[in-house]
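Side-chain atoms are counted along with the backbone in the values below, which use heavy atoms only and exclude waters and symmetry mates. Here the structure is a predicted model, which means the values were calculated and not measured. Just so you know, residue 1 is the first one in the sequence shown, and it goes up from there.
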Amino acid sequence: MTPIHSLHDFFTRSGAEVRLYHLGRRVAPLTMAELARFETLEAPWAEPWQGQARLACVFTLGDAPEPLIWFLALPLDEQGLLSPAPRDAFIQRLLETLGRNVQRLGKARDEADHLMRDNPLAFTPSLPFQALLHARASHDLERPASQHLELVEDYLAGEQAGHWQSLGLQGLADFAVRHDDAQARHLASRLPRLPVEVLRPLCQCLEHVEITAELALALRERGERAAEAGDLETLCDCLRAQSRGPAEPVAAWYDALLADPHACGPDLLAAMAARGWEALEDGQRLPRYLARLAESPQADFTALARDLALIPRLRLPVLMTLRQAPPESPIAARLGGLRRDH
């Protein structure tokens with residue numbers, strides 16, 4: 001019998017129906033092949049978050065009516081590759097719990113749940129992430145949306161105006177995952193009038209799904225209104241949601257913000273890095289971003305630059321920008337301060 005050394009081995013041998021999702025920068029699907037390459041150190045983690053590979057494993061064994069869900073945060077090394085020892089310890093403990101019979105898992109939910117409660121790799125995602133995962137997994141497994149979706153659809157269609165207090169986060173997440181182009185057009189037209197109490201949690205759901213150019217423009221306009229009113233939290237939420245739009249409108253807003261030294265505070269810069277890192281894959285925009293980051297005394301330059309450098313497509317551009325910074329530049333000053341501190 002082939003030994004089990006990895007999560008990929010475990011799920012393959014168990015015969016489980018498995019869905020895997022990134023849970024770091026956004027909720028996004030992950031294939032078993034991608035997990036295998038990551039676990040064999042053939043590839044770095046595509047969407048690292050704070051030095052970790054955060055993933056959700058949604059799997060069903062046999063005729064179990066409901067899937068099990070594991071939330072795991074696997075440590076990464078400085079190159080974004082898996083640090084194997086914690087994963088190996090988890091697999092060893094998992095096999096000891098199940099008596100090395102992976103098929104027992106379907107009949108040992110209590111044991112598996114206890115394993116995760118007392119597991120150093122387990123973590124609890126934020127409520128928006130949990131809602132989005134439930135919405136995405138239900139959709140992918142061809143299961144119905146939550147009972148809250150219909151109320152959200154009616155409200156956003158203008159049929160329940162004024163009754164936003166009864167809307168639930170899960171319904172907003174289901175809408176984000178399942179809405180069509182016609183609903184996106186209507187939402188774009190309603191966005192200027194949405195109460196901020198609806199807008200902000202809706203944005204926190206939209207930031208995980210691709211959106212249309214029309215909706216991206218509406219989010220920018222609402223975000224700019226929030227900026228004029230001094231509402232930084234709503235501005236950041238709109239920016240994060242807008243980052244999932246087509247590349248051109250996203251890049252245009254980022255360029256406008258990075259051109260304005262008064263717009264780029266630490267919260268906005270953090271929002272750009274967290275959800276809009278793909279827009280930073282640009283030979284001019286990335287250096288401008290890192291320069292603004294260096295100029296912001298309240299921003300955690302080291303943490304954000306390191307986190308961006310763990311993203312495979314940004315690793316070399318970030319390192320080259322840091323190394324080639326002119327001696328008199330804000331970036332060089334920040335790097336010099338780090339050297340003096342150490």
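- Looking at Glu153 and Arg178, no side-chain N of the basic residue comes within less than 4.0 Å of a carboxylate O on the acidic one, giving no salt bridge.
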- request: Kindly indicate, with the supporting measurements, whether the criterion salt bridge (charged side-chain N to carboxylate O under 4.0 Å, His left out) is fulfilled by Arg200 and Glu233.
  value: CA-CA 8 Å; Arg200 292 194 57 209; Glu233 291 181 335; 3.1 Å; yes
message: Assess the residue pair Leu127 and Gln130 against the criterion (side-chain contact (heavy atoms from CB on, under 4.5 Å)); give the C-alpha distance rounded to whole Å, side-chain angles, the decisive distance to 0.1 Å, and a yes or no.
response: CA-CA 5 Å; Leu127 290 178; Gln130 291 184 47; 4.1 Å; yes
field: Audit row: Cys264, Leu258, side-chain contact (heavy atoms from CB on, under 4.5 Å) steps and yes/no
entry: CA-CA 6 Å; Cys264 291; Leu258 291 172; 4.0 Å; yes
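- Leu94 and Met32 fall within a single hydrophobic cluster, where Ile, Leu, Val, Met, Phe, Trp and Tyr side chains are chained together by heavy-atom contacts under 4.5 Å.
- Proximity of Trp277 to Ser243: side-chain heavy atoms (C-beta onward) are nowhere separated by under 4.5 Å.
- By the 4.0 Å N-to-carboxylate-O rule, Glu224 lies close enough to Arg220 to be salt-bridged with it.
- At distances below 3.5 Å, not a single donor-acceptor pair connects side-chain atoms of His8 with backbone N or O atoms of Leu35.
- Other residues, nucleotides and ligands contribute over 12 non-hydrogen atoms within 6.0 Å of the CD atom of Glu197.
- Of the inter-residue distances, the one linking Leu206 atom CG with Arg240 atom CZ reads 12.5 Å to the nearest 0.5 angstrom.
- Side-chain contact between Tyr289 and Leu304 is present, with heavy atoms from C-beta onward closer than 4.5 Å.
- In this structure, Leu268 is a member of the same hydrophobic cluster as Leu293, with clusters built from ILVMFWY side-chain heavy atoms closer than 4.5 Å.
- A salt bridge links Arg288 to Asp255: at least one charged side-chain nitrogen sits closer than 4.0 Å to a carboxylate oxygen.
- The closest side-chain heavy-atom distance from Leu132 to Cys205 is below 4.5 Å.
- Tyr21 and Asp140 are linked by a side-chain donor-acceptor pair at a separation below 3.5 angstrom, with hydrogens and angles left out of the test.
- Not less than 6.0 angstrom separates the ring centroid of His22 from the ring centroid of Trp49.
- In this structure, Val196 is not a member of the same hydrophobic cluster as Leu169, with clusters built from ILVMFWY side-chain heavy atoms closer than 4.5 Å.
- Residues Phe129 and Pro125 share a closest heavy-atom pair of CB-CB, 3.8 Å.
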- request: Starting from the C-alpha separation in whole Å, work towards a yes-or-no answer on side-chain contact (heavy atoms from CB on, under 4.5 Å) for Glu47 and Leu30.
  value: CA-CA 10 Å; Glu47 297 189 10; Leu30 172 75; over 6 Å; no
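- Atom SG of Cys238 and atom CG of Asp231 lie 8.5 Å apart (nearest 0.5 Å).
- Between Leu149 and Ala145, the shortest heavy-atom distance links the atoms CD2-CB, 3.6 Å.
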message: Before you tell me yes or no, could you show the steps for Leu156 and His186 under side-chain contact (heavy atoms from CB on, under 4.5 Å), namely the whole-Å CA-CA distance, both residues' side-chain angles and the distance that decides it to 0.1 Å?
response: CA-CA 8 Å; Leu156 294 178; His186 194 80; 5.8 Å; no
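- Between Val152 and Gly171 the shortest heavy-atom distance is CG2-C, 3.5 Å.
- At a threshold of 4.5 Å between non-hydrogen side-chain atoms, the residues His148 and Leu167 do not count as touching.
- By the 4.0 Å N-to-carboxylate-O rule, Arg25 lies close enough to Asp307 to be salt-bridged with it.
- Considering only heavy atoms from C-beta on, Val209 comes within 4.5 Å of Arg136 through its side chain.
- With respect to Glu96 and Arg93, no salt bridge is recorded, no charged nitrogen being found less than 4.0 Å from a carboxylate O.
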Name the atoms and distances for all side-chain donor-acceptor pairs under 3.5 Å in residues 320-332, with sequence neighbours left out.
{"residue": "Thr321", "atom": "OG1", "partner": "Pro317", "partner atom": "O", "Å": "2.8"}
{"residue": "Ser329", "atom": "OG", "partner": "Pro326", "partner atom": "O", "Å": "2.7"}
{"residue": "Ser329", "atom": "OG", "partner": "Ala332", "partner atom": "N", "Å": "3.2"}

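- Counting non-hydrogen atoms of neighbouring residues, nucleotides and ligands closer than 6.0 angstrom, the NE2 atom of His134 reaches no more than 12 such neighbours.
- In this structure, the separation between CG on Leu215 and CD on Gln242 is 9.5 Å, given to the nearest 0.5 Å.
- Contact check for Met272 versus Leu257: side-chain heavy atoms found under the 4.5 Å cut-off.
- Taking Glu78 as the reference, nothing meets the salt bridge (charged side-chain N to carboxylate O under 4.0 Å, His left out) condition, with sequence neighbours excluded.
- Once rounded to the nearest 0.5 Å, the distance linking CZ of Arg292 with CG of Leu269 reads 9.0 Å.
- For the pair Ala135 and Gln170, the tightest heavy-atom approach, listed with the atom from each and the gap, is N-NE2, 3.7 Å.
- Within the 3.5 Å criterion, the main-chain N or O of Leu194 finds a donor-acceptor partner in the side chain of Arg222.
- To the nearest 0.5 angstrom, Glu39 atom CD is 12.5 Å from Glu34 atom CD.
- There is no path of hydrophobic side-chain contacts, each under 4.5 Å, that joins Leu319 to Leu308.
- Rounded to the nearest 0.5 Å, atoms CG (Leu7) and CG (Leu20) are 8.5 Å apart.
- The shortest heavy-atom contact between Arg143 and Pro67 is NH1-CD, 3.7 Å.
- Checked options Arg26, Arg313, Arg285; the residue passing with Glu278 is Arg26 (criterion: salt bridge (Lys or Arg N to Asp or Glu O under 4.0 Å)).
- Proximity of Leu72 to Phe90: side-chain heavy atoms (C-beta onward) are separated by under 4.5 Å at one or more points.
- Defined by atom type and a distance below 3.5 Å, a donor-acceptor pair is present between the side-chain atoms of Glu42 and Thr40.
- A search for ring pair (Phe, Tyr, Trp, His ring centres under 6.0 Å) contacts involving Trp253 returns nothing, not counting sequence neighbours.
- Considering only heavy atoms from C-beta on, Pro44 stays 4.5 Å or farther from Gln79 through its side chain.
- Two different hydrophobic clusters hold Leu310 and Leu23 under the rule that ILVMFWY side chains link at heavy-atom gaps under 4.5 Å.
- Crowding of Gln147 atom CD: a count of heavy atoms from other residues, nucleotides or ligands under 6.0 Å not exceeding 12.
- Heavy atoms only, all atoms of each residue included: Ser138 and Pro144 are closest at CB-O, 4.0 Å.
- Note on ring orientation: taking the six-membered ring where Trp is involved, the planes of Trp70 and Phe10 are parallel (angle under 30°, cut-offs 30° and 60°).
- For Arg225 (side chain) and Pro192 (main-chain N/O), a donor-acceptor pair under 3.5 Å exists by modelled atom type.
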